[in-house]
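Let me begin by presenting the structure, written as structure tokens, before commenting on it.
Atoms within each ligand, like the ligands themselves, are counted from 1 in listed order.
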Amino acid sequence: MRVLLTGGAGYIGAHTAVALIEAGHDVIIVDDLSGTSAEAVARIETITGAAVPLLVADVRDEAAVAGFVAEHAPVDAVIHLAGLKAVGESMAEPVRYYDVNLGTTIALLKVMDTAGIRSLVFSSSATVYGTPEQLPLTEESPTGIDLANPYGKTKRIIEEILSDAAAADPGLAVVSLRYFNPVGAHTSGLIGEDPNGIPNNLMPFVSRVAIGSLEQVAVFGDDYDTPDGTGLRDYIHVSDLAAGHVAALEHAASGYAVYNLGTGEPVSVLDLIAAFERASGRSIPQVIVARRPGDVAASYADPAKAQRELGWTADLSIDDACRDYWNWQTQNPDGYPRG
Ligand code: UD1
């Protein structure tokens with residue numbers, strides 16, 4: 001298949017591009033490079049030996065994306081990962097989040113319709129569940145419980161739009177993948193996560209502390225109702241996540257489907273820091289502070305549906321993820337070179 005990857009130069013996109021190419025598919029990428037660098041695409045090419053055409057554009061620019069798709073016809077499927085993803089920023093700039101996340105999706109659906117592309121995989125998030133009523137989370141768990149931030153709402157609204165689009169057009173195959181917490185990096189150390197500014201998420205923050213560019217990790221609360229009092233999450237290696245996209249694409253059937261992509265294993269904040277200390281051989285200063293507003297105590301997947309229907313499971317451990325993240329971090333202490 002030839003696959004258009006929106007946001008293909010980003011953290012999850014670059015790993016997905018490598019996995020697709022290694023599975024025998026062709027990849028073309030559109031990315032506005034607002035959260036990454038063209039160097040990521042050069043490195044996908046280094047890892048795979050394949051040429052990967054890149055269009056630097058905003059996916060809302062329908063004419064540009066349609067032209068790119070026509071130039072590389074036939075394009076068989078789209079994986080849509082372009083979007084804004086910072087929870088805090090989405091509270092400060094809600095309109096921009098709705099504009100970008102919904103606007104890119106709608107523009108893409110129109111381009112797909114015109115070009116006759118019948119298959120779409122969407123990058124959703126476990127954040128759509130909001131505060132879990134029951135754990136582990138299955139695809140049937142209710143969504144939107146106390147979901148207060150615009151970022152999460154955009155993912156939930158997009159899932160509704162995609163479900164409506166698939167219901168109206170029997171030829172369309174649409175899959176939403178609800179990611180749990182992506183961590184790790186490619187084993188080569190050539191591609192990895194390159195957050196803008198000070199990281200919001202736990203592993204990139206811990207890694208910056210290990211390498212010495214940040215002083216200490218603030219652990220957001222140790223009074224949750226969990227075994228060690230800190231938050232439990234389902235950390236999934238980004239290479240496992242990438243493989244989940246390939247499986248979803250290869251199994252996509254007409255209609256609309258949703259899958260959790262997680263390991264099913266709850267890991268606490270303190271567990272993750274300890275695993276990173278082992279992987280890096282560094283001691284990681286940490287301090288307990290107040291809970292972060294909006295955080296849930298625990299969130300982890302029941303990944304059985306993806307195993308049953310896609311034949312996919314997460315194989316890599318939190319130790320693998322820490323080792324690979326640290327390898328990426330030490331090889332690229334300042335992320336990708338920006339030019
Ligand atoms: C966050 C987002 C979620 C998004 C996901 C992936 C929030 C509320 N949720 O999930 O919508 O899909 O990232 O980008 O932001 N922690 C610390 N200290 C830190 C950072 C985090 O103790 O400096 C703790 C958190 O309280 C949490 C765990 O580490 O228990 C994981 O946090 P994080 O990596 O930010 O992911 P989520 O909050 O699960």
Side-chain angles (χ1 to χ4, degrees), residues 7 10-13 35 81 83-92 97 101 122-132 135 137 143-156 158-159 176-184 193-210 213-238 241 260-263 265-276 284-301 318 321-322 325:
Y11 175 42
I12 296 167
L81 307 108
L84 299 174
K85 59 171 187 180
V87 172
E89 192 180 66
S90 80
M91 315 264 266
Y97 268 67
N101 289 4
F122 172 61
S123 154
S124 189
S125 169
T127 206
V128 298
Y129 294 114
T131 305
L135 290 163
L137 288 155
T143 60
I145 309 295
D146 296 329
L147 182 56
N149 69 82
Y151 158 73
K153 290 183 192 173
T154 66
K155 294 291 182 191
R156 188 151 174 265
I158 292 166
E159 286 199 8
S176 287
L177 299 177
R178 293 179 179 160
Y179 310 153
F180 282 72
N181 291 57
V183 290
E193 188 173 19
D194 186 14
N196 292 333
I198 296 178
N200 298 308
N201 296 118
L202 183 61
M203 190 173 288
F205 199 101
V206 167
S207 181
R208 297 294 184 292
V209 174
S213 60
L214 291 170
E215 213 169 295
Q216 60 183 5
V217 182
V219 175
F220 298 147
D222 68 349
D223 55 354
Y224 287 106
D225 184 16
T226 59
D228 68 15
T230 68
L232 294 177
R233 294 292 184 275
D234 184 334
Y235 296 96
I236 174 169
H237 195 294
V238 65
L241 195 63
N260 283 341
L261 293 185
T263 66
E265 296 287 333
V267 168
S268 77
V269 176
L270 299 182
D271 291 338
L272 185 145
I273 297 171
F276 212 95
I284 297 173
Q286 50 203 277
V287 58
I288 309 290
V289 301
R291 295 180 180 190
R292 180 170 62 180
D295 275 357
V296 299
S299 166
Y300 51 94
I318 190 71
C322 291
Y325 202 104

Original post:
For N101 and G83, which heavy atoms make the closest approach, and how far apart are they?
Top reply: OD1-CA, 3.3 Å
**OP:** Please identify which atoms of ligand 1 are closer than 4.0 Å to at least one heavy atom of A218.
**Re:** 17 (C), 18 (N), 19 (C), 22 (O), 23 (O)
Subject >> Proximal ligand 1 atoms for S125, defined as those under 4.0 Å from one of its heavy atoms >> reply: 12 (O)
**OP:** Using modelled atom types only, decide if a donor and an acceptor are shared between the side chain of Y11 and the backbone of V183 within a distance under 3.5 Å.
**Re:** yes
Original post:
Tell me: protein heavy atom nearest atom 35 (O) of ligand 1, and distance?
Top reply: R292 NH2, 2.8 Å
Subject >> Identity and distance of the protein heavy atom lying nearest atom 7 (C) of ligand 1 >> reply: V87 CG2, 3.5 Å
**OP:** Return the residue, atom name and 0.1 Å-rounded distance of the protein heavy atom closest to atom 19 (C) of ligand 1.
**Re:** F220 CE1, 3.3 Å
**OP:** Is it possible for you to check whether R291 lies under 6.0 Å from the centre of the six-membered ring of Y224, through NZ or CZ, and within 45° of that ring's axis?
**Re:** yes
Original post:
Which ligand 1 atoms, with their elements, are less than 4.0 angstrom from a heavy-atom of V219?
Top reply: 22 (O)
**OP:** May I ask you to identify the nearest protein heavy atom to atom 11 (O) of ligand 1, giving residue, atom name and distance to one decimal place in Å?
**Re:** T127 OG1, 2.9 Å
**OP:** Could you check atom 10 (O) of ligand 1 against the protein and tell me its nearest heavy-atom contact, residue, atom and distance included?
**Re:** N181 ND2, 4.0 Å
Subject >> Protein contact of atom 33 (P) of ligand 1 - nearest heavy atom, named by residue and atom, plus distance >> reply: N201 ND2, 3.4 Å
**OP:** Show which atoms of ligand 1 fall inside a sub-4.0 Å distance from at least one heavy-atom site of Y235.
**Re:** 28 (C), 29 (O), 31 (C)
Subject >> ligand 1 atoms in contact with N200 (distance to a heavy atom under 4.0 Å) >> reply: 20 (C), 35 (O)
Original post:
Of all heavy-atom pairs between L214 and P199, which one has the smallest distance, and what is that distance?
Top reply: CD1-CD, 4.2 Å
**OP:** Could you tell me the residue and atom name of the protein heavy atom closest to atom 24 (C) of ligand 1, and the distance to it rounded to 0.1 Å?
**Re:** V269 CG2, 3.7 Å
**OP:** Could you establish whether R233 and ligand 1 come within less than 4.0 Å of each other, counting only heavy atoms on the residue side?
**Re:** yes
Original post:
Which heavy-atom pair separates A301 from D234 by the least distance, and what is that distance?
Top reply: N-OD2, 3.0 Å
Original post:
What atoms of ligand 1 come within less than 4.0 Å of a heavy atom belonging to G231?
Top reply: 30 (O)
Original post:
Quick one: which ligand 1 atoms are inside 4.0 Å of a heavy atom on D295?
Top reply: 8 (C), 25 (C), 26 (O), 38 (O)
Subject >> Minimum heavy-atom distance S299-L137, with the two atoms named >> reply: OG-CD1, 3.9 Å
Original post:
Is Y179 touching ligand 1 with its side chain, its backbone, both, or neither, if touching means heavy atoms under 4.0 Å apart?
Top reply: neither
Original post:
Is the NZ or CZ atom of R178 positioned over Y129's six-membered ring, under 6.0 angstrom from the centre and within 45° of the axis?
Top reply: yes
**OP:** Please report the shortest heavy-atom distance between Y325 and F276, naming the atom on each side.
**Re:** CB-CE1, 4.1 Å
**OP:** Identify the heavy atoms of S123 and L81 that sit nearest to each other, and give their distance.
**Re:** CB-CA, 3.8 Å
